[in-house]
Structures are given as structure tokens and as C-alpha cells.
Amino acid sequence: MESIDSSKLCDEIKDLVVEDAPFVCRADALADINTVKAWADCWMVNFNTNIAPGCKASTLHSIAWDAGTKTPLYSTNFYAKHSDDGGPPPATNKETNTEYCYSVVMNDDNKCTNLPRFGMMRTISRNWAGLE
């Protein structure tokens, strides 16, 4: 997960993820992001380059593993400072350190086949807009 959240291109994580693995996140800003490749290549690289340079997963809280379903759960924080004008709204220079969770579905080859993500995007948007 650190590889994805640190804005590595999908080519750098391709051995960890099946081709066209779905990415699921309930956030309006991510409505068109529906694969892990799009999340890594389109969203995170742009976010780290043009909106919040240096953003990263900052604190790993817990990891859980369900051997029966081959599903790890990661609970962590994401740190970002809205310091660049690469997307709406203009840079606010506000910081966030927001909790989120991944529920990663793995196959028998230990590759990610589905990546649901919970939390974060709404909180970051509200934080930077001054609503939280």
C-alpha cells in the first residue's frame, strides 16, 4: 500500500496487482478512477505532483489478515499539505493527517485483485475548504 500511496507509477507495482484490478472509493472526486492502475498513475501521481507535493501514508495503525479470504486490512493515516495549484480549489496551504483503510483482496498468487478504500477523501476536501 505504501507503494501506491507514495505515488509510484503502476509499472513500479505491477508485480503486486493483477491487470485491471478494480479500485473502489466512495468519493465524488474519484468517480472516474476505477482501477488500481488509474489510482496509481492518474490520481496519486497528479495529486503528489500538482496538488500536494510530498503527500504520503504517514502512520500505520494496524494490519489484519484473514487467511480464509486472503484479505489484508490496513488502517493508516495520510498526510498532505495543499500547497500547489494543480487542481480545484486553489492552494490553501492547509494540512491534513487523515485516517483511512484499505481492504485488499488477494488471489492465490498473492496479487491484489480488488482494492476498496474507505475514508479520507471527504475529510481532506472538507478540511482544505475550512469546513473541519
Side-chain angles (χ1 to χ4, degrees):
M1 301 323 332
E2 182 179 328
S3 294
I4 293 172
D5 285 340
S6 64
S7 306
K8 293 190 177 182
L9 292 170
C10 202
D11 282 347
E12 296 177 57
I13 60 168
K14 66 183 174 190
D15 292 338
L16 305 173
V17 180
V18 298
E19 190 167 336
D20 296 325
F23 173 82
V24 179
C25 181
R26 292 184 176 101
D28 292 342
L30 300 173
D32 295 332
I33 304 296
N34 55 21
T35 66
V36 174
K37 179 176 176 38
W39 169 253
D41 288 351
C42 299
W43 181 262
M44 282 309 298
V45 170
N46 179 59
F47 194 78
N48 197 358
T49 303
N50 300 313
I51 299 171
C55 63
K56 62 182 178 180
S58 60
T59 305
L60 180 63
H61 298 290
S62 62
I63 300 173
W65 171 251
D66 182 326
T69 62
K70 291 186 173 257
T71 304
L73 300 174
Y74 297 89
S75 173
T76 190
N77 273 48
F78 186 80
Y79 168 80
K81 181 176 181 181
H82 188 203
S83 59
D84 210 333
D85 286 326
T92 63
N93 288 311
K94 292 185 178 183
E95 296 179 43
T96 190
N97 196 11
T98 306
E99 283 186 81
Y100 67 99
C101 179
Y102 281 117
S103 172
V104 185
V105 181
M106 309 291 285
N107 66 14
D108 289 335
D109 295 326
N110 292 320
K111 289 189 176 189
C112 172
T113 62
N114 191 357
L115 184 60
R117 182 180 183 132
F118 306 95
M120 189 176 92
M121 294 311 298
R122 182 175 185 272
T123 303
I124 289 176
S125 299
R126 292 180 57 80
N127 178 273
W128 287 349
L131 300 174
E132 289 186 3

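When a residue number appears, it is its place in the shown sequence, counting from 1.
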Are T76 and Y100 packed together at the side-chain level, in the sense that at least one heavy-atom pair is separated by less than 4.5 angstrom? yes

What one should report as the nearest heavy-atom pair of C112 and V104 is SG-CG1, 3.8 Å

Taking atom NZ of K37 and atom CD of E19, what is their separation to the nearest 0.5 Å? 8.5 Å

Student check: side-chain heavy atoms of Y79 and T96 closer than 4.5 Å: no

Got a second to check how far N48's CG is from D84's CG, nearest 0.5 Å? 10.5 Å

Checking N77 now: which residues fulfil side chain to side chain donor-acceptor pair (under 3.5 Å) with it, not counting sequence neighbours? H61, N97

If I take atom SG from residue C25 and atom CG from residue L115, how far apart are they, to the nearest 0.5 angstrom? 9.5 Å

Residues that N93 engages under side-chain contact (heavy atoms from CB on, under 4.5 Å), provided they are two or more places apart: K81, S83

With hydrophobic residues grouped by side-chain heavy-atom distances under 4.5 Å, do I63 and Y102 end up in a single group? yes

Does the side chain of V17 reach to within under 4.5 Å of the side chain of K111, using non-hydrogen atoms? no

For V105, is there any backbone N or O sitting under 3.5 Å from a side-chain donor or acceptor partner on T113? yes

Side-chain heavy-atom pair N46, I51 within 4.5 angstrom cut-off: yes

If you compare all heavy atoms of V45 against all heavy atoms of T49, which two are closest, and at what distance to 0.1 Å? O-OG1, 2.7 Å

Assign the ring pair F47 / W43 to parallel, tilted or perpendicular, where the plane angle (0 to 90°) is split at 30° and 60°. parallel

Do C55 and F78 touch side chain to side chain, with heavy atoms closer than 4.5 Å? yes

Identify the two heavy atoms, one from F23 and one from V36, that lie closest to each other, and give their separation to 0.1 Å. CB-N, 3.7 Å

Measure the spacing between CG of N114 and CG of N107 and express it to the nearest 0.5 Å. 11.5 Å

Non-hydrogen side-chain atoms of K70 and N110 separated by less than 4.5 Å: yes

Determine yes or no for a side-chain-to-main-chain donor-acceptor pair under 3.5 angstrom, with D85 supplying the side chain and A91 the backbone. yes

Under the side-chain contact (heavy atoms from CB on, under 4.5 Å) test, which residues partner D66, sequence neighbours left out? T69

Connected via hydrophobic side-chain network under 4.5 Å: V24 and L16: no

